[in-house]
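Throughout, numbering of the chain's residues begins at 1 and tracks the sequence. Values in this document were obtained by computation on a predicted structure and should not be read as measured data.
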Amino acid sequence: MVNPGLNSILSMVEVDLVEQSPGDGGIGFNVERADERFSIVVLKVAGSGIAGRTIAFERKPPVVGPSMEAAAAGISPTEFAGSSALILGGSRGLGEVAAKLVAAGGGRPIITYAVGREDAERVAGEIGCQFRHFDATNPASSQLSDLPSLTHVYYFASPQIFVQKGPGFDVELHRRFLRFYVDAFHEVYRALGPVPAYFYPSTIAVETRPQGMAEYVMAKTAGEILCAELASEAKMRVERLPRILTDQTAVVARVHNADALETMTPLIRAFQAS
């Protein structure tokens with residue numbers, strides 16, 4: 001059931017009160033139109049003294065991260081033994097994938113969350129690791145104290161990427177992206193020092209420059225430049241990732257998204273080896 005349904009986004013409801021026929025109990029739904037290109041469903045509604053239609057978009061359900069069994073399938077159980085990795089933003093999305101891959105290889109991940117402590121508890125329970133709160137909008141130094149010695153740092157902290165905005169360049173949105181992808185990352189680096197290796201996820205959008213995403217692309221480009229500046233002090237691995245299926249990219253429109261585990265496994269393996 002797409003419309004109405006758990007994962008539907010209701011766009012419009014038109015209802016008229018009509019004379020109810022004898023025995024006309026309950027409400028019936030009939031599909032008037034459906035368009036898979038735009039994930040839209042239009043239904044006729046009739047019964048119990050009403051008649052009309054509803055229009056709704058099908059929304060993808062929340063993206064579930066891979067299981068530990070799936071993560072371990074492509075990793076040797078001792079491949080990352082001896083490593084200790086801080087994974088900022090490790091409670092969902094690509095950070096969750098990275099945490100499970102590190103753990104599957106025998107490493108010791110520490111994950112952070114900004115909101116959704118329940119997600120952090122779930123991932124930490126699956127992995128058997130520590131978790132702590134980290135909010136990229138607040139100073140990093142006070143949030144990253146008392147950490148054990150680290151060999152790797154993964155930076156997956158991110159605000160919502162796809163947001164509604166007006167035409168033209170949105171200065172405030174750009175500043176928000178800069179806060180996450182430049183300022184907060186730099187604060188993390190200053191708080192932790194030159195840990196042997198930092199993983200900075202950039203985006204292929206830096207090359208393709210999708211329409212309407214200038215604020216995001218410019219901030220990620222600035223983040224890449226910052227990593228290049230810091231590379232003289234510590235190992236910086238910048239990866240321009242394709243569009244990968246996560247909660248961030250699970251939008252209404254039908255677009256291709258790469259598989260998170262397939263994409264990240266060789267990247268994590270190469271980074272851990274560094």
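Closest heavy-atom contact between Ala219 and Val182: O-CG2, 3.8 Å. When all heavy atoms of Leu150 and Val195 are compared, the closest pair comes out as O-CG1, 3.5 Å. Here the closest heavy-atom approach between residue Leu261 and residue Pro66 is recorded as CD2-CB, 4.1 Å. Heavy atoms only, all atoms of each residue included: Phe180 and Ala157 are closest at CD2-C, 4.0 Å. Of all non-hydrogen atoms in Leu144 and Phe134, the two that sit nearest each other are CD2-CD1, 4.0 Å. Closest heavy-atom contact between Ile111 and Ala120: CD1-O, 3.7 Å.
Gln272 places no side-chain N or O within 3.5 Å of a backbone atom of Phe80 that could act as its donor or acceptor partner. Between the side chain of Glu79 and the main chain of Ser76, a donor-acceptor pair closer than 3.5 Å is present. Proximity of a side-chain donor or acceptor of Glu262 to a complementary backbone N or O of Ala258 within less than 3.5 Å is not detected. Under the 3.5 Å distance criterion, the side-chain polar atoms of Ser11 are left unmatched by any main-chain donor or acceptor of Ile55. For the pair Arg269 (side chain) and Gly74 (backbone), a donor-acceptor distance under 3.5 Å is present. Using a distance-only test at 3.5 Å, with no hydrogens or angles considered, a donor-acceptor pair links the side chain of His133 to the main chain of Ala114. Put simply, the side chain of Thr203 never gets that close to the backbone of Val206: no donor and acceptor are under 3.5 Å apart.
Between Pro242 and Thr263, the closest side-chain pair of non-hydrogen atoms falls below 4.5 Å. Counting heavy atoms from C-beta outward, Val42 and Val31 have side chains that stay 4.5 Å or more apart. Using a 4.5 Å cut-off on side-chain heavy atoms (C-beta onward), Asp170 and Arg176 make no contact. Counting heavy atoms from C-beta outward, Tyr216 and His174 have side chains that stay 4.5 Å or more apart. Looking at Leu241 and Leu267, their side chains come closer than 4.5 Å, going by heavy atoms from C-beta outward. In this structure the side chain of Phe131 reaches within 4.5 angstrom of the side chain of Arg117, judged on heavy atoms. Residues Ile204 and Arg243 are not in side-chain contact: their nearest non-hydrogen atoms beyond the backbone lie 4.5 Å or more apart. Looking only at side-chain heavy atoms (C-beta outward), Pro159 and Phe177 come within less than 4.5 Å of each other.
With respect to the salt-bridge test (charged N to carboxylate O, under 4.0 angstrom), the residues Glu215 and Lys165 qualify. A salt bridge is defined here as a Lys NZ or Arg NE, NH1 or NH2 lying under 4.0 Å from an Asp or Glu carboxylate O, and Glu172 with Arg175 meets this definition. A salt bridge links Arg190 and Glu233; the closest N-O separation between the charged side-chain nitrogens and carboxylate oxygens is under 4.0 Å. Using a cut-off of 4.0 Å between Lys/Arg side-chain N and Asp/Glu carboxylate O, Lys44 and Glu14 are scored as not salt-bridged. Electrostatic pairing of Lys100 and Glu96 counts as a salt bridge here, judged by a charged N lying under 4.0 Å from a carboxylate O.
In this structure, a donor-acceptor pair under 3.5 Å is absent between the side chains of Glu121 and Tyr113. Defined by atom type and a distance below 3.5 Å, a donor-acceptor pair is missing between the side-chain atoms of Tyr181 and Ser202.
Annotation: cation-pi geometry satisfied between Lys220 and Tyr200 (NZ/CZ under 6.0 angstrom from ring centroid, within 45° of ring axis).
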Verify side-chain contact (heavy atoms from CB on, under 4.5 Å) between Val45 and Ile27, making sure each step is shown before the conclusion. CA-CA 7 Å; Val45 183; Ile27 299 177; 3.4 Å; yes

If you apply the rule side-chain contact (heavy atoms from CB on, under 4.5 Å), what do you find for Leu86 with Thr112, and how did you get there? CA-CA 8 Å; Leu86 175 65; Thr112 74; 4.0 Å; yes

Could you check Phe271 against Tyr154 for ring pair (Phe, Tyr, Trp, His ring centres under 6.0 Å), going step by step and ending with a plain yes or no? CA-CA 10 Å; Phe271 178 62; Tyr154 293 81; 4.9 Å; yes

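Rounded to the nearest 0.5 angstrom, Leu88 CG and Asp135 CG are separated by 11.5 Å. With values rounded to the nearest 0.5 angstrom, Glu126 atom CD is found 7.5 Å from Ser67 atom OG. Distance CG/Asp183 to CG/Leu226: 9.0 Å, rounded to 0.5 Å.
Note: the hydrophobic cluster containing Leu43 also contains Val15 (ILVMFWY, side chain heavy atoms under 4.5 Å, direct or indirect links). Cluster annotation: Met213 is connected to Val163 through the hydrophobic network of ILVMFWY side chains, with a link wherever side-chain heavy atoms come within less than 4.5 Å. Under the 4.5 Å side-chain heavy-atom criterion for ILVMFWY residues, a single connected hydrophobic cluster contains both Leu178 and Tyr189. With hydrophobic clusters built from ILVMFWY side chains whose heavy atoms lie under 4.5 angstrom apart, Val13 shares a cluster with Ile50.
Atom CD of Glu239 sits in a crowded spot, with more than 12 heavy atoms from other residues, nucleotides or ligands closer than 6.0 Å. Around CZ of Arg240, the count of heavy atoms belonging to other residues, nucleotides or ligands within 6.0 Å exceeds 12.
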